[in-house]
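Structure first, commentary second.
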Amino acid sequence: MKAVRITEAVPLARGALGSALLLARAEYTEGEPDVYHLPVRAAVGDEATRLAGAVPEAVVARVVGGADADGVLADALYDPGTCRALLEAIAGRRRLRGVAGTVVCWRGRGFQAWTDGANAPDPGAPIERHNTLVPFGGRLMLKVFRRVEPGVNPDLELGRLLTHRGFPHAPAVLGAIEYQARNGEPTTLAVLQAFVPHQDDGWSQALHALDDYLDRALAKRAQGIAAPLPAGGLLDLVDQEPPALVLELMAPYLETARLLGQRTADLHMVLASEPDDPRFAPEAFTPLYQRSLYQSMRSLTRSVFQGLRVRLGSLPEEVRALARRVLETEPEIQRRLRGLLERRVTAQRIRCHGDYHLHQVLSTGKDVVLIDFEGAPARPLGERRLKRSPLRDVAGMLWSFHHAACAALAAAQDRGRVRPEEAVALDPWARAWQRWAQAAFLRAYLAGAARARFLPRTRAESALLLEAFLLERAISEVGEALGEQPTRLRVPLDGIAHLVAGDGA
Amino acid sequence: MTTRAGRAAAGSQGTDPTWYRDAIIYEVHVRSFADSDGDGVGDFRGLTQKLPYLAALGITAVWLLPFYPSPLRDDGYDIADYTAVHPQYGTLRDFETFLHEAHRRGLRVITELVLNHTSNQHPWFQRARRAPAGSRWRDFYVWSDTPDRYAEARIIFKDFETSNWAWDPVARAYYWHRFYSHQPDLNYDNPAVRRAILRVVDFWCALGVDGLRLDAVPYLYERDGTPCENLPETHAFLKDLRRYVDARYPHRMLLAEANQWPEDAATYFGQGDECHMAFHFPLMPRLFMAMRMEDRFPIVDILDQTPPIPETCQWALFLRNHDELTLEMVTDEERDYMYRVYASDPQARLHLGIRRRLAPLLGNSHRRIELMYGLLCSLPGTPVLYYGDEIGMGDNVHLGDRNGVRTPMQWSPDRNAGFSRCNPQQLYLPVVVDPEYHYEAVNVEAQEQNPHSRLWWVRRLLALRRQHRAFGRGTLELVMPENKRTRRSWRSCGAGRTNASWWWPTSRASSSTPRSRWSRSPGGSPWSYSAARPSPRSARSATRSRSARTRSTGSSCAPPGRRRRLRARRPRCRPWRWAPGRTSWRGRRGRRWRPPWRASCRAVRGAPARRAR
C-alpha cells in the first residue's frame with residue numbers, strides 16, 4: 001500500500017464528538033486504488049475506556065491531546081447509538097452534507113411495516129464478513145459495505161427489483177444509504193434489509209446431509225453394494241429417475257435440491273421480467289458476444305494453466321500429480337471451449353445473482369431464501385453488473401455441490417469417522433451424492449424455467465454453456481488458489497479432471 | 001508533370017511491389033492539417049506546403065481521410081461524388097499537385113475508397129429512390145418493404161441508431177444502412193454497382209494514388225440468417241478487385257478496414273489474392289490493457305491467436321485513429337476494465353469505445369507514450385501514426401461525435417495554433433485550449449526547437465525503425481522471461497536479428513527501470529541504443545555507439561563513458577550488478593555509477609550526477 005487518503009468525512013450527528021462516515025482512498029504500488037467506507041465514532045474519557053475495554057477490535061486509532069482527555073476513534077458500527085442514528089437517517093430520508101458530496105438516505109415502501117413505526121429496534125453486535133452486518137432486534141439487518149465503488153451496488157439494484165416484484169424468497173430491501181459525489185454515479189454505502197430468520201445456510205445443510213449419507217454409505221459398502229455412480233453427462237441425468245438405492249440414502253436432500261432448483265428458476269424469471277428497463281432488459285446472444293465469451297474463457301484458461309505450469313514444482317506433493325494430469329488436458333479444454341464459437345446459441349443474457357453457491361442460500365425450515373446479490377466481491381463493480389447467461393448461476397451452484405461433497409469427505413477424514421483407506425473407497429459414493437443432487441437441482445431448474453426465453457432452445461446448447469461455465473468456474477478457482485493457498489488446489493483440479501473426462505463436475 | 005498514363009503505370013517511385021511492408025503510414029485529414037486560403041478549413045495547398053515536415057518526420061506514406069464532395073455529416077465518409085474533390089479542400093488540380101510533390105519527396109499516398117455506402121445526397125441514391133422498384137437504378141441500394149430482414153446484423157453506431165433499416169418517404173420503402181441512416185448501403189449483388197466502383201478505382205489509380213483503404217469492407221453483402229459480415233461473396237468481390245488492380249496498376253496496395261477478431265480479419269488477405277494489408281483491430285486495445293495491467297499477457301495472447309498470413313501480406317498496426325478507440329473486439333470484462341481505467345469520464349465513451357487521443361489516454365506520461373510507440377514499431381506489421389500524436393496533441397471530449405480527436409493540427413503558438421490565418425470563430429473545429437495540452441505549449445514549432453521533445457523522439461524512433469528491415473519484414477519470436485512485466489522478442493530477417501525489449505514503467509524503485517533497448521546479436525557488430533530519454537549526443541552517436549551484449553534477464557545499461565573499454569574486452573557478463581540491499585548499481589570494485597547523460601536519473605536518485613568513472 002502506498003498511501004491512504006481520507007477523501008470524505010460526513011458527520012452523522014451535530015456536535016464535535018459525534019460520528020462520521022469516512023471514505024478513505026487506498027493507493028497501491030500496483031493496481032487501481034480502492035475506496036473504503038469507515039463509519040467512525042470519536043469517544044473521549046470514560047466512554048472511550050469503556051469502548052476500548054468492551055470491544056478492543058473496534059478501536060481504529062487513539063486520539064491524543066485536545067481540550068478533553070485522550071480518547072479513541074472506534075468503528076461506529078460497534079456503537080449502538082450510531083447504528084440507531086443510521087436507522088433514523090434512513091427512516092427520515094435525511095441528506096447529510098459532506099466535504100465533496102452528500103450522503104443520501106433512501107427508504108422503501110416496506111419500511112413502515114417492518115419497523116412497527118413506534119420504537120426503533122435495538123442494534124445488536126455487528127457480524128464481520130467481507131461486509132459488516134448489523135442486526136436490529138431480529139427484524140432488520142443493515143448491511144454496510146466496506147469496499148465501495150461509484151455505481152449502484154447490485155445488492156441494492158437487484159434487491160429493489162425483487163422487493164418491488166414481491167419476490168418472497170429474497171430479503172426485502174427497505175432502505176439504503178448512498179453517497180453522491182458532485183459528479184458521477186452514486187456510491188452505495190449500506191443497504192437495509194429485512195432480517196431473515198433461518199436455521200441454517202445451504203452449505204451447513206449440505207454438509208449435515210452428507211455426514212448422514214456417508215455413514216449410511218459406509219454401511220452399504222460394508223454390505224458389498226457398489227456406489228450408485230451414474231454414467232453420462234450433466235443433462236443426461238436430468239431425465240433419469242434416481243435408483244432406489246439413491247432414494248434410500250438421500251431422499252430428503254434430493255427434495256432440498258429440488259426446491260433450490262425451483263427457487264433459482266423463480267429468481268431468474270423475476271430478474272428477466274423487466275424488458276423496458278435497460279438495466280434489466282434481457283439481451284439476446286449474438287455471435288459477437290459468443291466470441292467474446294469464448295475469448296474470455298480462453299484467455300483465463302491460458303493464463304491460469306501457464307501459471308500452474310510455472311508453479312508445478314513448488315506445489316504440495318499430493319496435488320502435483322493431479323496438476324500434471326490436468327495440464328495435459330489443456331488442448332481438450334480449449335477444444336471444448338471452441339464449441340462456443342462453432343455453435344450458434346439461442347439464449348439471452350440477463351442480470352444474474354453473480355456469485356451463486358450454497359453459502360448464499362438460507363434455509364428457513366420449510367423454504368429457502370436467497371441472499372447476497374452483490375456478486376463476487378473481488379470483481380470490480382462494473383463487471384458485477386454485466387448481464388450474463390443465467391446458466392452461469394446454475395453452474396455456480398452445481399460447482400458448489402462438488403465442493404460440498406469434497407469438503408464433507410475431507411471433514412469426515414479429519415474427524416476420524418472415516419479411515420484414510422476407506423476415504424478412497426468412499427470417493428465414488430461422495431461423487432454419487434454430488435451427481436444426484438446436481439441432477440435433482442437441474443431437473444427442477446429446467447422445469448421451473450421451461451417457459452423462459454433466456455434458456456437455450458436445445459439441450460445440446462444448454463449442455464455446451466453449462467460445461468463452459470463449469471470449466472470457467474473451476475479454472476478461475478485454480479487461478480485464485482495458485483496465488484493464495486496451493487492446498488486448496490485439489491478440489492478444483494479434481495473437478496476439471498472429471499469435467500474433461502465427461503462425467504460431470 | 002508526367003502524363004496520366006505514366007503515373008498510372010509507375011504509381012510512385014520504386015519497383016518494390018511490397019513497399020507497404022517497410023512503410024510507416026501517417027493518417028491525416030486534409031481539413032485538419034493546414035489551411036492555406038484562410039477559410040478555416042485545411043486544404044490540399046496547405047497540406048502540400050507541409051510536406052517537408054512529413055518528410056522530415058520519417059514517415060513513408062500518407063493516408064488521407066475522405067476529401068470527396070460530401071454533406072459532411074459523417075466527416076466525409078458520406079460521399080456524394082466519388083471522383084471529385086470537395087471544393088473546401090481545393091480542386092482536383094490541387095490534389096494532383098500534392099500527389100506529385102509527395103512522390104517527389106518519396107512519400108506514397110493512400111486514399112479512401114468507401115465501398116460500402118454513399119451519402120443519401122449522392123446522385124445514385126437520388127436516382128434510386130425515384131426509380132421504380134426492380135429497376136437497374138433502384139437496385140443500386142438495398143430496399144425492403146419491412147424492417148425485419150437481416151435481423152441478426154448488429155447495429156454498429158448504437159449510440160445514434162436503433163435499427164439498420166430507415167424509411168424513405170420518397171421511395172416508400174425501407175433502405176439498408178449499417179452506419180448512419182443518411183448513409184445507405186450499396187447493393188453489391190447488382191453488377192452495375194460493382195462496375196461503378198471499379199470505375200472509381202480506375203479514376204484514382206490512374207492519377208497515381210499508391211494505395212486505397214477499403215472502408216467498412218466486411219459489410220458489403222447481406223444475407224438472411226447471417227450477421228451480414230465477412231460473407232463469402234465479399235471475399236469473391238475482393239478477389240475480383242485485386243485482380244483488376246493488379247492487372248492495370250502495378251505496385252498499388254489495398255488496405256482492408258475490417259474490425260474483426262484476428263482469424264476473421266486474416267481472411268481478408270485470402271491466399272495473398274485479396275487485400276495486401278488489413279488493420280489488426282483486436283491488438284490495439286490490448287496494448288493499452290497490457291500497459292495498465294503491467295502484464296504482457298494480453299499482447300502475447302492475441303498474437304498467439306493471430307493466424308499466419310501470406311508472405312506478401314502485412315498487418316497494419318495503430319494506437320489511435322480518427323475514430324473512437326474501439327472496444328468491440330474485447331470481452332465484456334475487458335471493456336469494463338478499459339472504461340474504468342481510461343474513460344472514467346462518461347463523456348469520453350462513445351459507441352463501445354473511448355474517444356480520446358493518445359496523450360490524454362496515457363495521462364501525458366512521456367514514458368508510457370514512448371513505450372506504446374516502441375511496441376507499435378516493434379510488433380509485426382506496418383505502424384500507422386495518427387496526425388498530432390507525434391507532438392502529443394490533446395483532445396476535446398466536449399465536441400460531439402468523434403470530433404474531439406479531429407481538431408486542427410497545432411503548428412505554432414500563434415493565432416489558431418498556426419493552422420489558419422482566419423478569424424478563430426471560423427475554424428471548422430476549435431483548437432485545443434485544455435490547460436494541459438494548450439496549443440501554445442504543445443505545437444510543432446516549440447518542439448522543433450527542443451531536441452528532447454516528443455517530436456524529436458518520434459523522429460529518432462522512426463529512423464531506427466526504417467534502418468532495420470526486420471521490423472517490417474521479419475519473423476517474430478517471443479521470449480518469455482519470468483518477469484511478466486517485460487516483453488522481449490526477436491525479429492529476424494535474413495542474416496540479422498534484432499532484439500526488442502520493453503520494460504513496463506512501475507512506480508517502485510526496482511530493477512525494472514523504464515528503458516527500452518534495441519540490440520543486435522553478434523554476427524554483425526554488437527551495438528545498443530538506449531531510447532528512454534536520449535540526449536542529442538547519444539542520439540547522433542546511436543549508430544556508432546557500442547556496448548556489451550546484455551543478457552536476457554538483466555536490466556543493466558552500460559554507461560557511455562565505459563563504452564570504449566568494454567568494446568575492447570567484450571566481457572561476457574554484465575559489468576554492473578544490482579547488489580541486493582543496496583540502492584544503486586555498483587561496479588566491479590563496488591564503486592557507484594551515475595550516468596551523467598541521464599538527467600532523469602538525477603530526479604530518480606535524488607543526487608547530483610557525477611562523471612562516470
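Naming: A, B, ... by sequence-line order, numbering from 1 per chain.
- Counting heavy atoms from C-beta outward, A/Arg379 and B/Glu333 have side chains that stay 4.5 Å or more apart.
- A/Ser303 touches chain B through backbone and side chain together, each having a heavy atom under 4.5 Å away.
- The environment of CZ in A/Arg309 is crowded: more than 12 heavy-atom neighbours from other residues, nucleotides or ligands sit within 6.0 Å.
- At a 4.5 Å heavy-atom cutoff, B/Tyr339 makes no contact with chain A through either its backbone or its side chain.
- For a residue to count as touching a neighbouring chain, one of its non-hydrogen atoms must lie under 4.5 Å from one of that chain's; by this rule B/Glu229 does not touch chain A.
- To the nearest 0.5 angstrom, B/Ile155 atom CD1 is 11.5 Å from A/Thr286 atom OG1.
- Only the side chain of A/Arg344 has a heavy atom closer than 4.5 Å to any heavy atom of chain B.
- Between chain B and the options A/Arg302, A/Arg291, A/Glu32, A/Arg388, heavy-atom pairs under 4.5 Å are most frequent for A/Arg291.
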Quiz item: Would A/Gln295 and B/Gln305 count as a side chain to side chain donor-acceptor pair (under 3.5 Å) if you check the C-alpha gap in whole Å, the side-chain angles of each, and the deciding distance to 0.1 Å?
Solution: CA-CA 10 Å; A/Gln295 183 72 18; B/Gln305 280 186 276; 2.6 Å; yes
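- In this structure, the portions of A/Glu383 lying under 4.5 Å from any heavy atom of chain B include both its backbone and its side chain.
- For the set B/Glu263, B/Gln260, B/Arg154, B/Glu328, the entry with the most heavy-atom pairs within less than 4.5 Å of chain A is B/Glu263.
- Counting heavy-atom pairs closer than 4.5 Å to chain A, the top residue among B/Tyr337, B/Trp261, B/Phe297 is B/Trp261.
- Interface remark: of the candidates A/Gln306, A/Arg298, A/Arg385, A/Lys387, A/Arg298 forms the most heavy-atom pairs closer than 4.5 Å to chain B.
- Looking at A/Arg384, neither its backbone nor its side chain comes within 4.5 Å of chain B, counting heavy atoms on both sides.
- The minimum heavy-atom distance linking B/Val330 with A/Ser292 is given by the pair O-CB, 3.8 Å.
- Atom CE in B/Met329 sits 4.5 Å away from atom CG in A/Leu288 (nearest 0.5 Å).
- By the neighbour-count criterion of 12 heavy atoms within 6.0 Å, atom CZ of A/Arg147 is densely surrounded, having more than that number from other residues, nucleotides or ligands.
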